[in-house]
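Have a look at the structure below before the remarks.
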Amino acid sequence: MAGDINPMEQFEVGKLINFQLFGHDVSFTNSALFMVVVFALLALFMAGGLKRQLIPGRWQVAAEGAVSFIDSMVNVSIGKGGKKFAPYIFSLFFFILFANLVGVLPLAIVPGLHTFAVTSHITVTAVLAFFSFAIVLVVGFWKHGFKFFSLFVPHGAPMVLLPVIVPVELISFLVRPFSLGLRLFVAMTAGHILLEVFGSFVVQGLNAGGPLGWLVSLLSFLMIVGVSALELLVCAIQAYVFALLTSLYLHDAVHLH
Amino acid sequence: MTDLGAMYIGAGLAAIGIGLAALGVGNVFGSFLEGALRNPSAADGQQGRLFIGFAASELLGLIAFVVAILILFVVK
């Protein structure tokens, strides 16, 4: 028990502007606000890099590096015919990366300001994952028709084993959107809970006072610094893994194995 | 034993899975490093597979974490 500090409180979605549409609650929430912030940062980053100078400045090099990073990932993972999915993978990767990084900004030092990690809600990550899965299905059936079902029959599998292999492959295919969305959501949630728990140790140690309390606070603070560094790594890895797995699934849809 | 006590024991048992996933993730990176040191020129081409292996083994630990959270906060 973390005492008075509830580690789940940071994930609460609150209404900022109340708004009703045809009897549905479509209020502007803090989650929506931080999505707008992420979008604005991303648009700023790309707009600054799209000046097309002959001799690129630092900003343009950064933007070109971002584009060529996604481009090479798409080329390696999807292969031939993957170029047209590069914009989707790019948006996916950078939206998730920026949302993760904005979520761990330590702005809560300023009283009343509290960053919200958009990707720590399964409603957001599941929509992203379902988008990826829907694109895989649409592309697969568009390109191959009913031959797309041969995805569930591995090459060279003995006929005797097919009644076992096909259901297993089918289940592993259907589970993809859930594992994709769940991974990102849980990784971000776990990191934020960990930071909050150590933060509550700092507060409680200072409240208790005495040399032992200060020692606990100091150690917890050092732990927060370390875990924050690890969180930055996790932010990048989770965004990379999401984009990489999406492009691998797209490879299945485009090339059927 | 009270229900609350049983809940906490269950959440603690679920947390064992997170430690086991840590073994898996360590194994993925350790094996990669072992192979990469033997043939450094081939290491860069395998980074995609490294992260796929990492994602697959990490997911199971995260699911264990979800079970612990469900026991603590959702089950009433």
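Every chain is numbered from 1 and lettered A, B, ... according to where its sequence line falls, protein lines coming before strand lines. Given the structure is predicted, the values throughout are model-derived calculations rather than measurements. FYI, side chains are in, hydrogens and waters are out, and symmetry mates aren't considered; it's all heavy atoms of this structure.
A:Phe11 CZ: more than 12 foreign heavy atoms inside a 6.0 Å radius. Heavy-atom contacts from other residues, nucleotides or ligands closer than 6.0 Å to CZ of A:Phe130 number more than 12. For CZ of A:Phe178, the number of neighbouring non-hydrogen atoms (other residues, nucleotides, ligands) closer than 6.0 Å is 12 at most. Summarising the local packing, CE of A:Met223 is surrounded by 12 or fewer heavy atoms from other residues, nucleotides or ligands at distances under 6.0 Å.
Only the side chain of B:Ile63 comes within contact range of chain A, with heavy atoms under 4.5 Å apart.
In this structure, the separation between CG on B:Leu59 and CG on A:Leu184 is 12.0 Å, given to the nearest 0.5 Å.
Nearest heavy-atom pair, A:Arg183 versus B:Leu62, reported as atom, atom and distance to 0.1 Å: O-CD1, 3.5 Å.
Chain B forms more heavy-atom pairs under 4.5 Å with one residue of A:Thr189, A:Ile193, A:Val186, A:Ile237 than with any other, namely A:Val186.
At a heavy-atom separation below 4.5 angstrom, chain A is approached by B:Gly48, B:Phe51, B:Ile52 within residues 33-53 of chain B. Residue-level contacts of residues 90-102 of chain A with chain B do not occur; threshold 4.5 Å between heavy atoms.
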